[in-house]
Every structure is written in C-alpha cells, then in structure tokens.
Amino acid sequence: MSGKKVLITGITGQDGSYLAEHLLGLGYEVHGLVRRVALENPKGRFVRLAHLLDKLILHPASLESYPSIFSVISRHGFDECYHLAAQSFVAESFADGFSTMNTNINGTHYMLAALREIRPDCRFYFAGSSEMFGKVREMPQRETTPFHPRSPYGISKVAGFDLTRNYREAYGMYCVSGMLFNHESPRRGFEFVTRKITSTVARIKLGLASELRIGNLEAKRDWGHAADYVRAMHLMLQQAEPDDYVVATGETHSVREFCERAFSEVKLNYQDYVVVDELYYRPAEVDLLIGDATKARTVLGWQPRYTFETLVTEMVQSDLEALHAMSESPSLQDTPFRY
Ligand code: NAP
Ligand code: GDD
C-alpha cells in the first residue's frame with residue numbers, strides 16, 4: 001500500500017474515473033475536486049464513479065476560484081496532484097473560446113500557484129494533448145515536435161503546457177505534462193466521435209435510430225484506451241526527474257474506418273447508415289494525428305494493452321449491453337445525439 005494522498009481534478013470525467021480506480025488499487029488515499037453542482041446531483045454527475053463513491057473523498061471547489069482551490073489544498077497534505085479538469089470538447093471551444101480559455105488556462109495557473117504556495121513538494125501532472133500539435137509539422141509527433149494548435153482548446157493546452165514547464169524551471173517543482181493522444185472507452189462522453197458512433201450503432205442495431213449524422217469522415221486519429229493511458233500518467237509522477245511524455249499507440253485510423261469497424265461489429269454496413277452533415281465540420285481541423293511514444297515505452301516502461309480492434313469491440317458491446325438493460329425505458333426513444 002502506498003499510503004500517499006492524491007488529489008484529482010476532473011475526477012468525474014472519463015480519465016478521472018479510470019485514474020481513481022487505478023490509484024485506489026495501488027493503495028492511495030484518493031481525493032477529488034468536484035463542482036458544487038455535482039454534489040447536488042450525484043446520480044447525474046457521478047455516473048462514472050458510482051462504483052467507487054464510498055472509497056473517495058470529494059471536495060467542492062471551482063476551477064474559476066483561486067480561494068476555493070487554495071482552501072482544499074491547504075487542508076490536506078497531498079503527495080501527488082493530477083490536474084485533469086478542463087473544458088475538453090474541441091468543437092465547443094470554437095463555440096465558446098472565452099470559457100474554454102478561462103477554465104483551462106486560469107484553472108491550471110490557479111492549481112500551480114496554490115501548490116507552490118502551500119505544498120511545493122506535491123508532484124503535479126498536467127493533462128496536455130496531441131491537439132497542441134494541431135497542423136502537424138512532422139510525422140509521427142513526438143516530444144520535440146513544434147506546436148501549431150488549431151482551436152481555442154488546443155491553444156489553451158499549449159498555455160497549460162508552458163505554465164507547467166515554467167513552474168518546473170522557475171521554482172524547481174516536480175511538474176510534468178502528458179502529451180496524450182486521443183483515448184476512448186465505454187465511459188467516453190457522448191459528444192466525442194467514437195462514443196457518438198458506438199452509441200448510435202447500438203441504437204440502430206436495436207431499432208432505436210435509423211442513421212448516424214457525422215462530420216469529417218477523413219480525419220485521422222491515434223486512438224488508444226483510457227485505462228491504458230492513466231497508467232502512463234501515474235508512471236510520469238514516479239520518476240527521479242520530472243519530464244514530459246507523448247502517450248500514443250503509434251497507429252492512426254480515420255473516422256470512416258472507425259465507423260466501418262463499429263458497424264461491422266453488429267454485422268451492418270456503415271455506408272447504409274452514415275450521413276455526412278456539415279453541421280459537424282469545424283472551422284479549422286486537425287487532419288491527422290499519429291504519436292511516437294518511444295520515450296514513454298523506454299523510460300517509463302509503459303505498454304498499452306488494448307488494440308484499435310479491442311477498443312472498438314469493447315465500446316460497441318458496452319453500448320449494446322447498456323441499451324438492452326434500459327430497453328424498457330420509454331425515454332430512451334427520445335434520447336438526442338445531436339453533438
Ligand atoms: P472529460 O471526460 O470531458 O472530463 C472533464 C472533467 O473536467 C470532468 O470531470 C468535468 O467535471 C471537469 N470540468 C470541466 N469544466 C470544469 C470546470 N469549469 N470546473 C471544474 N471542473 C471542470 O475529459 P477526459 O477525456 O477525462 O480528459 C481529461 C483531461 O485530459 C482533460 O483535461 C482533457 O482536455 C485532457 N485530454 C483528454 C484526451 C482524451 O482523448 N480523452 C486526450 C488528451 C488530453 P464535470 O463532470 O462537473 O463536468
Ligand atoms: N465530435 C465529433 N462529432 N467529431 C467528429 C464528428 C462528429 O460528428 N464527425 C467527424 N468528427 C471528427 C472531428 O472533426 C475530429 O477530427 C475527430 O472526429 C475527433 O473528434 P473528437 O472525438 O471530438 O475528438 P478530438 O480529436 O477533437 O479531441 C479529443 O482528443 C484530443 C486529443 O487529441 C478530446 O478528447 C480532446 O480533449 C483531446 O485533447
């Protein structure tokens with residue numbers, strides 16, 4: 001048992017839930033920073049944590065409020081902090097760039113500043129993203145690839161990356177950024193393309209939907225599994241020296257290929273159901289991402305366990321099972337998927 005105390009921001013999200021599970025398994029005392037509204041609506045907001053709730057210590061705080069973060073950090077002697085909370089949907093960042101910047105940049109700055117003030121020895125992980133590479137300058141992308149973000153979200157993550165590096169260099173704190181490529185799971189939000197596809201495939205299979213309306217089918221992503229990627233986050237905080245790491249599978253697939261694979265999982269042809277809709281195109285697109293995780297593999301000893309195929313299978317099967325379990329619910333017929 002580690003006996004260490006850890007703080008996770010964004011614990012209610014996809015990665016937060018897998019990371020909490022992983023760290024509890026390693027014997028950590030796991031604390032989560034959550035929004036007040038989450039505590040007021042536990043059924044809705046804690047859906048990914050339902051099986052863990054009795055093992056977690058949750059604190060209400062707002063990423064927009066330095067005093068609320070300061071207060072939580074000052075009351076507990078955290079050894080590690082994983083800052084995962086963010087407005088994480090790229091398309092939404094085009095719709096409301098101001099909130100995205102505010103939450104993602106100031107939220108990261110408040111976390112770092114409060115830790116420096118109260119607990120400078122606490123190790124800090126920042127959730128950086130392959131979106132920072134954006135209009136990619138080389139292939140595959142690695143730690144030294146220059147950034148060229150293509151969305152307010154990507155810009156906010158570059159700023160968070162720079163803040164994190166600066167606290168490391170200026171104050172000698174153990175602060176690292178993971179440059180994580182897309183990672184998915186049955187707990188992925190419905191607005192992201194993979195979960196939109198697998199949840200709609202399940203609905204089509206059960207006769208609850210007749211089409212999948214989608215944007216750019218040719219965009220390519222390096223898709224891994226969130227359960228694999230949270231292990232890399234933890235490993236990054238266990239090294240002798242702080243450093244930044246790319247985490248990726250090294251394989252890229254198009255949205256079209258993802259559709260093809262997900263529909264074939266239920267013996268359907270994607271071409272019979274997929275409708276391209278310009279509504280889902282972005283003002284600026286990241287066309288192709290493929291990561292080189294050699295450093296994470298060699299220095300951290302990290303290895304992914306899932307493949308693209310096992311990831312898609314797990315997501316489709318999980319959505320089918322969830323729908324079967326809910327199939328008596330009339331409200332299911334009306335569930336909108338307009339992301
Ligand atoms: P997610 O499922 O969207 O979860 C986001 C988390 O942030 C949720 O817990 C959410 O809380 C919280 N949050 C959002 N706005 C907040 C605010 N204003 N104040 C406090 N909390 C707020 O994201 P994820 O996929 O787990 O990703 C985790 C982190 O990794 C994010 O920073 C994301 O940008 C980054 N990342 C993700 C990927 C990926 O492919 N998944 C790749 C690279 C980087 P509520 O539940 O209250 O909304
Ligand atoms: N969401 C969505 N919906 N995306 C679509 C659709 C659609 O209907 N149709 C095509 N796409 C394309 C998007 O244009 C994009 O090129 C790709 O599918 C993936 O989109 P998302 O699943 O929304 O993810 P993302 O790559 O923009 O961002 C995710 O990965 C980043 C890491 O690269 C998020 O998890 C970010 O938080 C993360 O940093």
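Atoms considered below: every heavy atom in the structure, side chains included; atoms not considered: hydrogens, waters and symmetry mates.
- For the ring pair (Phe, Tyr, Trp, His ring centres under 6.0 Å) criterion with Phe308, the lone passing option out of His253, His183, His225 is His253.
- Residues Leu63 and Arg35 form no side-chain contact, since every pair of their non-hydrogen atoms from C-beta on lies 4.5 Å or further apart.
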**Study point:** Step-by-step side-chain contact (heavy atoms from CB on, under 4.5 Å) determination, Asp319 to Val201
**Key:** CA-CA 9 Å; Asp319 277 322; Val201 163; over 6 Å; no
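- Few gaps surround CD on Gln238; more than 12 heavy atoms of other groups in view lie less than 6.0 Å from it.
- Counting only distance, with no hydrogens or angles, the side chain of Ser74 and the backbone of Ser71 share a donor-acceptor pair below 3.5 Å.
- Between Ser65 and Ser62, the side chains place no donor N or O within less than 3.5 Å of an acceptor N or O (distance only, hydrogens not considered).
- With hydrogens and angles disregarded, a donor-acceptor distance shorter than 3.5 Å links the side chain of Thr252 to the backbone of Leu289.
- Here the side chain of Arg48 pairs a donor or acceptor atom with the backbone of Thr12 at under 3.5 angstrom.
- A ring-centre distance under 6.0 Å is not found for Phe124 and Tyr174.
- Between Leu52 and Ser17, the shortest heavy-atom distance links the atoms CD1-O, 3.9 Å.
- Although no hydrogens or angles enter the test, the distance criterion places no donor-acceptor pair under 3.5 Å between the side chain of Trp302 and the main chain of Met233.
- For the pair Ser254 (side chain) and Lys220 (backbone), a donor-acceptor distance under 3.5 Å is absent.
- In this structure, the side chains of Val312 and Glu184 stay at 4.5 Å or more apart for every pair of heavy atoms.
- In this structure, Arg187 pairs ionically with Glu21, as a charged nitrogen and a carboxylate oxygen lie closer than 4.0 Å.
- Counting heavy atoms from C-beta on, the side chains of Phe94 and Ser151 come closer than 4.5 Å.
- Counting only heavy atoms from C-beta outward, the side chains of Lys295 and Val246 never approach each other to under 4.5 Å.
- Ring pair Trp223/Tyr306: centre-to-centre distance not below 6.0 Å.
- Although no hydrogens or angles enter the test, the distance criterion places a donor-acceptor pair under 3.5 Å between the side chain of Gln239 and the main chain of Leu235.
- To the nearest 0.5 Å, the span separating CZ on Phe133 from CZ on Arg150 amounts to 15.5 Å.
- Aromatic ring pairs are classed by plane angle as parallel below 30°, tilted from 30° to 60° and perpendicular above 60°; the pair Tyr167 and His109 is perpendicular.
- A distance of 7.0 Å separates CG of Leu163 from OG1 of Thr108, quoted to the nearest 0.5 Å.
- Under the 3.5 Å distance criterion, the side-chain polar atoms of Arg188 are left unmatched by any main-chain donor or acceptor of Arg195.
- In this structure a side-chain-to-backbone donor-acceptor pair under 3.5 Å is missing from Thr313 to Thr310.
- Residues Thr249 and Asp222 have side chains that bring a donor and an acceptor to within less than 3.5 angstrom of each other.
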Check your understanding: When you look at Arg168 and Thr164, which way does the side chain to side chain donor-acceptor pair (under 3.5 Å) test go after all the steps?
Key -> CA-CA 6 Å; Arg168 178 166 80 219; Thr164 303; over 6 Å; no
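- To the nearest 0.5 angstrom, Asp272 atom CG is 12.5 Å from Glu211 atom CD.
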Practice item. Let me see the working for His76 and Leu7 under side-chain contact (heavy atoms from CB on, under 4.5 Å), right down to the final yes or no. Key: CA-CA 9 Å; His76 304 274; Leu7 177 65; over 6 Å; no
Practice item. With side-chain contact (heavy atoms from CB on, under 4.5 Å) as the test, would you mind laying out the steps for Phe147 and Phe161 before giving the verdict? Key: CA-CA 11 Å; Phe147 296 146; Phe161 177 93; 3.7 Å; yes
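- With ring centers used as reference points, His234 lies under 6.0 Å from Tyr28.
- Classification of Asp79 and Arg119 as a salt-bridged pair holds, one side-chain N sitting under 4.0 Å from a carboxylate O.
- Taking the side chain as every heavy atom from C-beta outward, Val136 and Thr145 never approach each other to under 4.5 Å.
- Heavy-atom contacts from other residues, nucleotides or ligands closer than 6.0 Å to CD of Glu241 number 12 or fewer.
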Review point. Can you check side-chain contact (heavy atoms from CB on, under 4.5 Å) on Ile11 and Val30, steps first, answer last?
Key: CA-CA 10 Å; Ile11 195 168; Val30 179; 4.1 Å; yes
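- In this structure, Asn166 CG and Tyr171 OH are separated by 6.5 Å, a value rounded to the nearest 0.5 Å.
- Residues Glu138 and Gln141 come closest through the heavy atom pair O-NE2, 3.0 Å.
- A salt bridge is defined here as a Lys NZ or Arg NE, NH1 or NH2 lying under 4.0 Å from an Asp or Glu carboxylate O, and Glu321 with Lys205 fails to meet this definition.
- Of the possible polar contacts, none joining the Lys157 side chain to the Ser130 backbone as a donor-acceptor pair under 3.5 Å is found.
- The shortest heavy-atom contact between Leu84 and Thr9 is N-OG1, 2.9 Å.
- Residues Arg203 and Ser199 bring no donor and acceptor atom of their side chains to less than 3.5 Å of each other.
- A donor-acceptor distance shorter than 3.5 angstrom exists from the side chain of Arg231 to the backbone of Gln303, with no hydrogens or angles considered.
- Looking only at atom types and distance, the side chain of Thr100 has no donor-acceptor partner in the side chain of Glu92 under 3.5 Å away.
- Checked for salt-bridge contact, Arg256 and Glu218 meet the test: a charged N lies under 4.0 Å from a carboxylate O.
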